[in-house]
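Notes for the one structure printed next.
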2 protein chains.
Amino acid sequence: MGRKRLQESADGRPTVHTVAARAGVSIASASRVLNGVGGSPETVRKVREAAAEVGYVPNAIARSLQSQRTGLVALAVEDIGNPVYVEMMRAIESVVADSGRQLLVHATGGQIANETALLRRLAHRYVDGMIVSPIRVTDDHLAALVDSPVPVVVVGQLPADAPVDNVRTDSRTGVGLAVDHLVAAGRRRIGFVNGPLDTVPGVARDAGFRAALAGHGIALDERLVEVGDFRYAAGRAATERLLARAQPDALVCANDLIAVGALHALLAAGRRVPEDVALVGMDDTELARMMFPQLSSVSLGSAERGRRAAELLLQRIADPTLPPRRVQVAPSLAVRASSASTPLFVPAPAEPAPAPRTPEVTA
Amino acid sequence: MGRKRLQESADGRPTVHTVAARAGVSIASASRVLNGVGGSPETVRKVREAAAEVGYVPNAIARSLQSQRTGLVALAVEDIGNPVYVEMMRAIESVVADSGRQLLVHATGGQIANETALLRRLAHRYVDGMIVSPIRVTDDHLAALVDSPVPVVVVGQLPADAPVDNVRTDSRTGVGLAVDHLVAAGRRRIGFVNGPLDTVPGVARDAGFRAALAGHGIALDERLVEVGDFRYAAGRAATERLLARAQPDALVCANDLIAVGALHALLAAGRRVPEDVALVGMDDTELARMMFPQLSSVSLGSAERGRRAAELLLQRIADPTLPPRRVQVAPSLAVRASSASTPLFVPAPAEPAPAPRTPEVTA
DNA sequence: TTGTATGCGTTATCAT
DNA sequence: ATGATAACGCATACAA
């Protein structure tokens, strides 16, 4: 037979039993007072006193088991070091903390296997919900998303009919903004340094680039397109390959990290930015403003997407019966020194209005 | 009377009871098989089969309540957007994930109140341990650290006798490396852009700067010292103030974010880097290598400190009786273009050996 | 209002 | 090897 129930927890810390015994009341009364429901003035006083004396703190686990919620929210992104995810994480952490919850982060390395494993682990119910921003999506993966045992919000593109809360932007259109701007500035030999074509953002941006050029009646020279991954080193290497075989007068990059790599490759190759080659990045992270020259960049509203995703998740946790919602955050272009000059004597476009309030779409 | 125990959890998900009933065995047997201890071949087969059929997944909360551990580890830093913490977090996340645990992040904003609150919340036992990197420390705060109810590892300076696991570096010496290097390169009017003097790193770096100059017999011109916070904008503003009243031929910055701000201020003021002003940052983050010119920077081994801190924490979780340990990570200087030139025709120092294996000290 | 008893889902103990 | 049951710490339905 197990030991008789003691008044202390295994590690000697006070429990409701400790408090109740000390106050000379039942654990039910103690619990009620501790939760601020019911109790006569006298009982309240005794319990409060006893709790203070022994330094009682409720056990979060036990409370979770009872309440069926952990107060935890998870975030899964490819790389917690990429500035775009850092900004997103910051925004999410803020919203989550304000709701009295805490944020758990996972780095997936962009591996589908890791992500599906993570999704399955949700069945353990160690968190109340999860925000995931996948760069690769398979049917398997999608299925895991759809019938997740806990609320999930996806940041990124998803099939239109996927019944999952979703915050997205339109990076395809975003790339278009960059191309439009460069064309208006008189550039014609516009190159593109992209991330992997087996990723969702990679294909969207590629499509956007091609569509935009076509829209301007510019024939695409395939030598002006190069691919790496979404990091700095790959961006620099890809740009070096590109420069070895072609002469762009402008470069659009699939994110800011790549753009920084491109900038270095350009400067190392003796090209002036923006005089010889105009440069536009994407994500509009703090990094873009830190470079010299400062980088023009297409904002995809990463902080806002993070904030909105967190809000969607909290709402769904509060009410799981909500229909799937979709929020769209519009891209915008921030023009800075890396593309602002007018080397061909064409008037530069006006600076766009600062961060327009993003329209909200619910589907 | 409460309802009879059912075989499903409140939300309709299978529990051990479901599996046991389906397999026609007791929950004890089911649990044993599920945990891989004991069970006849026949029982094992039946239970495994039943579990697979109903898609049983153990509940992490219930398991935690029983095992008295959550499998969660927390990290509290000032700003999860600062590249130095990003690197630290990355390293920590990696170690923590490899141990099968998960990482929880908190942003404290450098506020002591937030941190002590966080420390107190540890009493709720929602995590198995915590890594905290405070930039401000008070006695109160220190007391909370010492008698924390769960293992805590501190990254940063602490009073020598504090009985807390501690990973530290020596930023005072680190600043000295920068000054030595600049003096060797012939610079004499060396300025310093620091963070707040009411922070631990702030005072350490200030002391290091003054000591290093004194060591070279150089009188300090107070107009060459300026203070802001540890972020980009403040670094730039502080440098602008400094440049308005003094003519440095070199600048040491208390971190890389400040150094980037300084670089921009210098370039905006028409100073060439490094020809007119040599620049050295601190933390040696990826950012330093991304700037043009690339920034020399004093590495404080942020990734390694993170890794070591995580290891210390995991060890202590495994064995709480361990004596307090202290790990020291040595600073080193990475010389790059921002300070590599020899404008005064003094021979430049040789590139230091690449990342020496850090000596380990246990106190 | 108060106390008793039960359940949250799991693992551990003990007797069989 | 197996099953009944206690225990983890808390909250609550119900009876008093």
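Convention: sequence-line order gives letters A, B, ...; per-chain numbering from 1. All of these numbers come straight from a predicted model, not from anything done at the bench.
- Side-chain proximity of A:V25 to the nucleotides D:dC10, C:dT10, C:dG3 is greatest for C:dG3.
- With hydrogens and angles ignored, a donor-acceptor pair closer than 3.5 Å exists between the side chain of B:R32 and the base of D:dG3.
- An OP1 or OP2 oxygen of C:dG9 is reached within less than 4.0 angstrom by no side-chain nitrogen or oxygen of B:T15.
- Taking every heavy atom of residues 38-59 of chain A and every atom of DNA chain C, pairs under 4.0 Å involve A:G39, A:S40, A:T43, by number.
- Within the structure, every side-chain polar atom (N or O) of A:Q66 is placed at least 4.0 Å from both OP1 and OP2 of D:dC8.
- Listed here is the closest heavy atom pair of B:V164 and B:P324: N-CB, 3.9 Å.
- B:E304 and B:R307 are joined by a salt bridge, as a carboxylate oxygen and a charged side-chain nitrogen come within less than 4.0 angstrom of each other.
- Panel note: side chain A:D165, backbone A:V152; no donor-acceptor pair is recorded below 3.5 Å.
- Using modelled atom types, one finds a donor on one side chain and an acceptor on the other under 3.5 Å when comparing A:S99 with A:R101.
- Residue whose closest nucleotide on DNA chain D sits further toward the 5' end, between A:N35 and B:I27: B:I27.
- Here B:S29 does not reach the OP1 or OP2 of D:dT2: none of its side-chain N or O atoms lies under 4.0 Å away.
- The phosphate of D:dT2 has neither OP1 nor OP2 within less than 4.0 Å of any side-chain N or O from B:S26.
- For the atom pair CG (A:N114) and NE2 (A:H106), the distance works out to 11.0 Å, reported to the nearest 0.5 Å.
- If you check the side chains of B:T108 and B:E78, you find no donor sitting under 3.5 Å from an acceptor.
- Taking every side-chain heavy atom of B:A28 into account, D:dA4 is the closest of C:dG3, D:dA4, D:dG9.
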